[in-house]
Amino acid sequence: MTYRLFDYAYITEGNVTLKRIIEFSRLSAIRFFFFLSILGPFLFFASACSRQTEERPKVSNGILDLRDWDFQRHPLLDLTGDWEYYPDRLASDGNAEEKKSLFAVPGVWMGSGYATMKLEILLPKNTPSLAFYSKGQATAFDLYVNGTKVLKSGIVGRDPASSVPESRSSFGEWNSLGVSTAKVTLEISNFHHRFGGLWYGIRFGESSALREEVTRFRDMDWFLGGIFFLTFLYHIGLFLIRRQDLSPLPFGLFCFTLFVRILVTEDKILLSYFPSFGYLTSMRLEYLTFYLSLPLGLHYLRSIYPDLFPRVWMGSFYGLGLVFSIGAFLPFPEASKAIPYYQASMFASIILVVYVLGLAVWKRKPYAIPLMVGYSILSTAGVIEVLSAHQILKTRSFLPLGLLVLVMIETFVLSFRYGDLYREKEALAEELRRINSTYSSFVPRKFLGLLDKRSFAELKPGDQVRREVTILFSDIRSFTEISESMNAEENFEFLNTYLGRMEPVIRTNRGFVEKYFGDGIMALFSESPDDAVLAAIQMQKEILVYNRQRLAEGRRPIRVGIGIHTGSSILGLIGAEGRMDSTVISEAVHVTARLEVLTKFYGTGILLSQDTYSSLKNRERFLSRKLDRIPIKGKKEEVFIYEIGDYLSEAEQEAFRNSKTVFEKGVDAFLSGRFMDAGETFREALRVYPGDKTSLLYLKRCTEQMPVVGGRHNPDSDPI
C-alpha cells in the first residue's frame with residue numbers, strides 16, 4: 001500500500017479577531033507556510049523510511065517462510081521477492097520445468113504475453129484468517145491459494161481476443177484454519193499495455209487488519225480528492241467573480257485533473273463504484289489527467305511571473321499536451337507506448353521550473369520562495385514516481401503528498417495575491433460601498449432591478465417601465481392626535497422606531513418601501529401578491545409586539561390600517577440631473593390608498609381588493625372573508641373587497657373562521673337588498689364572533705336600511 005502522512009496545526013487565541021489576523025504581515029505568513037512546507041515532507045519521508053527499514057520477510061526462490069512470524073505484532077506484509085516464473089504457460093498447461101525461472105515481484109516485462117507465477121507460503125501454527133489484496137495492475141490475472149480462487153482481475157487469456165484486462169483493485173479472504181502451507185498460483189496475461197506483469201506487490205495478512213488498511217487508505221484518497229475538488233470549486237468561483245484575472249482558472253482546472261487522477265490511479269476508486277467505466281476509460285482518464293496537469297500547472301506559474309515565463313514556452317507545452325491527449329484515444333497498447341516520451345517532457349518542465357523560480361528568487365519576486373518549495377517537492381515526487389513506474393526504484397508513491405503540498409502553497413499564494421489586490425483598492429471600494437449604501441436608502445435596489453438597471457450610475461430621469469405590481473399602503477390611525485402630544489424630537493424618534501420595525505418586514509417578504517408619507521408607507525411587491533399579504537400580516541403582528549412595549553412604557557398603543565391592491569403601474573424616475581426621485585404612476589395607487597382609508601370605516605386591519613384576492617397563488621393559506629362590494633373609478637361594475645384575519649389572536653381567529661360562512665351570507669343578503677334577512681344573519685354572526693366590528697356596522701346599516709359606503713344602493717356614493 002501507499003503510505004501517506006499528514007500533520008495539521010491549528011492555532012487559536014480567544015481574543016484574536018479576524019481583523020488582526022488579516023493585518024499580519026505578508027512576510028510572516030510566507031515564512032510560517034515555508035516552515036510548514038518543509039516540516040510536513042520531512043516528517044513524511046522520515047516515517048516512510050522508518051517503515052521501510054523494518055525487517056520483513058521476502059520471497060526467496062518461490063518460498064516465503066512465515067513459520068516464526070508473529071501475525072499479532074505484524075499482521076500485514078507484502079509478498080515481494082523472487083517468485084517462480086513460467087513464461088508462456090498457464091497452470092492448466094502443466095509446468096514446463098525447463099522454462100522455470102525466478103521473477104521479482106513487483107516487476108514487469110516488456111510487451112505482450114502470459115505467464116504463471118508460483119509462491120509457497122509456510123504458515124505458523126494457529127494462523128488467523130488471512131486475506132490478499134492487489135491494487136489495479138492494469139492487466140488480467142487470477143490468484144489461487146491451494147486451488148481456490150481468491151483474487152480476480154479481468155479474464156486471463158493466451159491472445160488479445162481471449163484476454164480481457166481490468167485495472168480494478170481486488171480483495172479476497174482465504175480460510176487458513178488448520179493449513180500449514182499456502183500454495184499461491186498467479187495466472188497473468190497482458191495484451192493491452194506496453195508492460196505486463198505485476199506493477200504493485202500483493203498485500204497479504206490478517207483479514208480484518210488488511211480490510212481496515214484498505215478502507216483507511218481509500219478514505220485517505222477520498223480526503224485528498226475532496227481537497228482537490230473543493231480547491232477547484234474555490235478557484236473557479238474566483239475566476240467567475242473576477243474574469244479579468246485568469247490565474248485562478250488554470251489552477252482550478254489543474255486541481256480538477258488532480259481530483260480525477262486520484263479516482264483513476266492506485267486503488268482505482270472510480271472503477272470500484274462504477275465498474276461500467278471499464279479498463280479503457282479508466283486508463284485513458286489516467287493518461288489524460290497526466291497530459292493535461294503538466295501545462296495547467298505551468299500555466300499558473302506563468303500567470304504569476306509572466307515576464308520570466310515567455311508565452312511561446314507555455315504554448316509549446318499546451319501543444320504537446322494536446323497532441324498526447326489525442327494519442328490517449330489510440331487503440332491499446334499503442335496508447336500506452338506514448339507515456340515514456342511525455343515523461344521525458346516532464347523532466348524538461350522540471351528544468352524550466354527550476355530556471356524560472358531561480359530567477360524569481362534572484363530578483364526577489366514575491367512568493368518565489370514558497371513556490372520554489374512547492375514545485376521542488378512535487379518535482380521530486382514526480383521523478384520518484386517515474387522511476388518507480390520503470391521499476392528502477394521500488395518505493396511507495398509520494399506523488400499525492402507532493403501534489404497536496406503544492407496545492408496548499410499555491411492556494412495560499414493566490415490568496416495573498418488577492419489580498420494585495422483588495423488592500424490596494426480597499427479605500428476606493430469602501431467609498432463606493434458607502435455611496436451605494438446611501439443611494440440604496442433613497443432608491444431601493446429592487447426598484448433598480450425593476451428598471452433593468454445594474455447600478456445607480458445608469459439611472460437617469462425618464463427611466464420607466466410598466467409592470468404588474470401589488471401595492472401596499474399603511475397608515476397610523478389618529479396619528480395627528482398622537483403627534484400633537486409629543487415634541488419634534490419625540491415625533492422623529494417615534495416615527496423612526498415605528499418605520500424601523502415595518503421596513504424589515506416588508507423587505508423580508510421580497511418587497512421594498514417606495515415612499516414614506518410621514519407615518520404612511522407605500523410598498524411595492526413585484527413577484528407575488530402573496531408576499532404583500534404576508535407582509536401585512538407580519539406588520540400587524542409586529543405592531544402588537546410594539547404596543548406591548550409602549551404600554552410597558554406608559555404610552556398609548558397605536559393602530560394601523562393596511563390596504564393592498566394589484567394592478568398595472570408605471571414605475572420610473574422623475575426630476576432632473578441634479579435631483580431625481582422614484583415614483584409610481586397608476587390609478588392602482590389611488591385605489592390602494594382608499595382601501596387603507598376604508599379599514600378605519602369597517603374596523604378592520606387589512607383590506608384586499610378583488611384583483612389582489614383573485615391573484616393570490618395560495619389563497620387557502622390565508623384566513624379571509626368577503627367584506628363588501630364597492631365601485632372603483634375606471635371600472636363599470638362594482639368589485640368585492642376582502643378582509644384578512646391572520647394577525648388576530650388565536651381566539652379571535654377561531655371566531656373569525658367559525659363566523660365566516662354566516663357573515664358572507666349576510667353580506668350577500670345585504671347586497672341583494674334583503675336587509676331584514678341580512679340583519680338576522682349578522683346577529684347570528686355576532687353570537688359566534690361577539691367582538692366583530694364589521695358585523696356591528698352591517699347590523700346598523702341594515703337597521704337604517706341603506707348602505708353608507710359601498711353597495712349599489714347608494715347612488716350618491718363616489719367611486720374610488
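Owing to the predicted nature of the structure, the values given are computational and were not obtained by experimental measurement.
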To the nearest 0.5 Å, tell me how far E334 CD sits from H192 NE2.
10.5 Å
To the nearest 0.5 Å, what is the distance between CG on L285 and CZ on R261?
10.5 Å
Quick one: pull up OG in S180 and CG in L66 and give me the separation to the nearest 0.5 Å.
12.5 Å
Got L352 and F317 here, is their nearest side-chain heavy-atom distance under 4.5 Å?
yes
Would you say that more than 12 heavy atoms from the other residues, nucleotides or ligands in this model lie under 6.0 Å from the NZ of K58, or not?
no
Compute the centroid of each ring, for F232 and then for F229, and state whether the two points are separated by less than 6.0 Å.
yes
Please give me the minimum heavy-atom distance between T80 and P106, naming the atom from each residue.
CG2-CD, 3.8 Å
If you define the side chain from C-beta out and look only at heavy atoms, does anything of L301 sit under 4.5 Å from V353?
yes
Is there side-chain contact between H193 and T139, with at least one heavy-atom pair below 4.5 Å?
no
Derivation of the side chain to side chain contact (heavy atoms under 4.5 Å, CB included) call for F204 and V184
CA-CA 11 Å; F204 165 75; V184 180; over 6 Å; no
Which heavy atom of N190 sits nearest a heavy atom of F195, and at what distance?
ND2-O, 3.1 Å
Looking at side-chain heavy atoms only, is the closest gap between T265 and T289 below 4.5 Å?
no
Which residues satisfy the salt bridge (charged side-chain N to carboxylate O under 4.0 Å, His left out) test with R168, sequence neighbours excluded?
E166
Output yes when a side-chain donor or acceptor of N146 lies under 3.5 Å from a complementary backbone atom of T148, and no otherwise.
no
Using atom types as modelled and distance alone, determine if a side-chain donor or acceptor of W199 lies under 3.5 Å from a backbone N or O of K135.
no
Please round to the nearest 0.5 Å and tell me the distance separating atom CG of L253 and atom OG of S293.
12.0 Å
Between Y273 and L263, is there a side-chain heavy-atom distance shorter than 4.5 Å?
no
Are the side chains of I236 and F256 in touch, meaning some heavy atoms are under 4.5 Å apart?
no
May I ask you to test the F191-Y114 pair for a side-chain heavy-atom distance under 4.5 Å?
yes
Steps toward side chain to side chain contact (heavy atoms under 4.5 Å, CB included) verdict (V105, V59):
CA-CA 9 Å; V105 175; V59 180; over 6 Å; no
Is any side-chain heavy atom of F171 closer than 4.5 Å to one of L210?
yes
Holding to side-chain hydrogen bond (donor to acceptor under 3.5 Å, both in side chains), I want the full list of residues that pass it with S189, two or more places apart in sequence or in another chain.
S163
Closest non-hydrogen atoms of L79 and L64, given as atom of the first, atom of the second and distance, are CD2-CD2, 3.5 Å
Tell me whether K268 is salt-bridged to E286, with the criterion being a basic N under 4.0 Å from an acidic carboxylate O.
yes
Please lay out, stage by stage, how S325 and L292 fare under the test side chain to side chain contact (heavy atoms under 4.5 Å, CB included).
CA-CA 8 Å; S325 296; L292 296 177; 3.6 Å; yes
In this structure, which one of Y305, F239, F251 forms a ring pair (Phe, Tyr, Trp, His ring centres under 6.0 Å) with Y300?
F251
Looking at S170 and S153, would you say the former's side chain and the latter's main chain have a donor-acceptor pair under 3.5 Å?
no
Qualifying residues under side chain to side chain contact (heavy atoms under 4.5 Å, CB included), relative to D159, sequence neighbours excluded:
A161, S162
Evaluate whether atom CG of D70 has more than 12 neighbouring non-hydrogen atoms of other residues, nucleotides or ligands under 6.0 angstrom away.
yes
Among Y287, F290, Y291, find the one that has a ring pair (Phe, Tyr, Trp, His ring centres under 6.0 Å) with F324.
Y291
How far apart are the C-alpha atoms of F141 and E187, what are their side-chain angles, what is the distance that settles it, and do they pass the side chain to side chain contact (heavy atoms under 4.5 Å, CB included) test?
CA-CA 5 Å; F141 71 88; E187 293 183 335; over 6 Å; no
Out of curiosity, I262 CD1 to F223 CZ, how far, rounded to the nearest 0.5 Å?
11.0 Å
Between CG of D78 and OH of Y200, what distance do you get to the nearest 0.5 Å?
13.0 Å
For a quick test of reading the model, state the closest non-hydrogen atom pair linking E84 to Y86 and the distance between them.
OE1-OH, 2.8 Å
For T231 versus C255, what's the shortest heavy-atom pair and its separation?
CG2-SG, 3.5 Å
